[in-house]
Amino acid sequence: MATLAAAPRRWRNDRLFYTGMGVLVALIVFAGFSRSYYLNGWFETPAGTPPVGPLLHIHGAVFTAWIVLNVVQPALIAGRNTALHRQLGYAGAGLALLMVAFGNVAAVAAMHGGFIGLGDPRAFYAIPFFAINSFAVIVFLAIRWRNRAETHKRLILLSATQLIEAAVARLPVAAIGAGAPFSFMIGADLIIVAGIAYDLVSRGRVHKVWLWGGGLVVLSQALRLAVANTAPWLAFAETMAGLWTP
């Protein structure tokens with residue numbers, strides 16, 4: 001009986017946690033990109049920021065739509081509107097494809113001037129390359145297991161770890177700039193920590209998404225830093241850069 005009585009409370013707590021995390025990620029993304037994109041007409045553009053052309057506008061629009069969707073979707077579940085949640089899920093799958101496509105193209109284009117002040121652009125390309133393609137794998141698994149609610153919602157939140165790094169990197173905090181590129185990963189790791197902590201408090205155990213998925217995300221962070229300045233990676237990045245004509 002105690003377990004049955006606890007179920008509605010856990011359901012409400014889940015809705016609050018996942019909706020709240022979606023809002024928090026959206027706020028960090030807005031804060032990070034406010035000076036260089038969202039509010040650049042009201043702020044002095046940070047030094048070294050490339051002009052926002054059509055590619056970046058499309059990339060920004062798709063990126064923003066995904067972030068908004070990740071606020072709306074858990075809110076719909078919280079409001080018990082599962083039918084609309086599922087319908088938007090189909091649109092979300094298409095949006096994720098656009099995220100991956102434009103994310104990869106924008107990362108390649110940035111090697112021609114977007115990674116100003118970040119060292120060798122070919123080396124730095126490892127950061128967005130691993131992030132956007134890790135996002136692709138995580139979202140694919142979330143779609144694959146969309147009927148397993150406990151797994152699906154954690155994978156969607158885990159996918160935010162690959163998007164929040166770019167926003168954290170742009171926050172006007174001196175410590176973040178001083179600790180680059182390690183400091184870029186703080187937001188991603190805190191999402192994983194929050195997921196683990198919430199599972200422990202609400203269920204007394206950690207879901208395998210955080211154990212395996214979170215572990216692989218951290219491994220991918222280490223991998224991108226390890227390979228960035230190697231000859232094979234630089235050669236690969238040079239080949240990719242050659243596919244884009246400024």
Side-chain angles (χ1 to χ4, degrees), residues 1-26 29 62-104 130-165 187-220:
M1 293 296 292
T3 302
L4 291 175
R9 181 172 65 253
R10 190 172 71 181
W11 187 90
R12 289 192 298 270
N13 289 342
D14 277 7
R15 304 290 74 79
L16 179 63
F17 175 74
Y18 287 99
T19 303
M21 288 298 291
V23 171
L24 179 60
V25 168
V29 167
V62 172
F63 183 96
T64 302
W66 177 266
I67 295 298
V68 171
L69 185 65
N70 278 266
V71 174
V72 171
Q73 286 290 71
L76 288 173
I77 292 296
R80 299 181 183 272
N81 194 342
T82 55
L84 183 55
H85 174 89
R86 290 192 182 110
Q87 290 171 5
L88 286 179
Y90 292 111
L95 192 58
L97 285 174
L98 293 176
M99 282 279 290
V100 174
F102 282 103
N104 274 298
F130 276 92
I132 194 62
N133 291 298
S134 295
F135 168 85
V137 172
I138 296 169
V139 173
F140 170 79
L141 293 175
I143 294 170
R144 172 67 179 81
W145 290 319
R146 62 190 177 278
N147 294 323
R148 302 180 187 179
E150 293 295 312
T151 300
H152 174 77
K153 62 190 177 186
R154 286 172 174 81
L155 283 169
I156 290 296
L157 180 55
L158 183 65
S159 73
T161 62
Q162 303 307 297
L163 306 181
I164 204 171
E165 290 180 4
D189 294 339
L190 288 179
I191 289 176
I192 296 170
V193 170
I196 290 172
Y198 179 72
D199 273 4
L200 287 173
V201 171
S202 63
R203 289 162 172 77
R205 66 185 187 281
V206 180
H207 194 278
K208 60 186 177 182
V209 164
W210 299 120
L211 292 175
W212 291 101
L216 288 173
V217 164
V218 173
L219 180 61
S220 123

Participant: Can you tell me which residue among Met21, Arg15, Arg148 is in a side chain to side chain contact (heavy atoms under 4.5 Å, CB included) with Lys153?
Facilitator: Arg15
Participant: Identify the heavy atoms of Val62 and Phe102 that sit nearest to each other, and give their distance.
Facilitator: CG2-CD1, 4.5 Å
Participant: Any idea which heavy atoms bring Val71 and Gly22 closest together, and the distance?
Facilitator: CG2-O, 3.4 Å
Participant: Is there a donor-acceptor pair under 3.5 Å between the side chain of Asp199 and the backbone N or O of His207?
Facilitator: yes
Participant: Kindly say whether His85 contributes a backbone atom to a donor-acceptor pair with the side chain of Gln73 at under 3.5 angstrom?
Facilitator: yes
Participant: Can you classify the ring geometry of Phe135 versus Trp66 as parallel (below 30°), tilted (30 to 60°) or perpendicular (above 60°)?
Facilitator: perpendicular
Participant: Within the 3.5 Å criterion, strictly below it, is a donor on Asp14 or Tyr198 matched to an acceptor on the partner's side chain?
Facilitator: yes
Participant: Evaluate the criterion side chain to side chain contact (heavy atoms under 4.5 Å, CB included) for residue pair Ile77 and Thr19; output intermediate values, then yes/no.
Facilitator: CA-CA 9 Å; Ile77 292 296; Thr19 303; over 6 Å; no
Participant: What distance do Leu158 atom CG and Ile138 atom CD1 have between them, rounded to the nearest 0.5 Å?
Facilitator: 4.0 Å
Participant: If the threshold is 4.0 Å, N to carboxylate O, is there a salt bridge linking Lys208 and Glu150?
Facilitator: no
Participant: If I take atom CG from residue Leu84 and atom CG from residue Leu88, how far apart are they, to the nearest 0.5 angstrom?
Facilitator: 4.5 Å
Participant: Roughly how far, to the nearest 0.5 Å, is the CD1 atom of Ile164 from the CG atom of Leu24?
Facilitator: 6.5 Å
Participant: Roughly how far, to the nearest 0.5 Å, is CZ of Arg154 from OG of Ser159?
Facilitator: 14.0 Å
Participant: Hey, is the main chain of Ile143 close enough, under 3.5 Å, to the side chain of Arg146 for a donor-acceptor pair?
Facilitator: yes
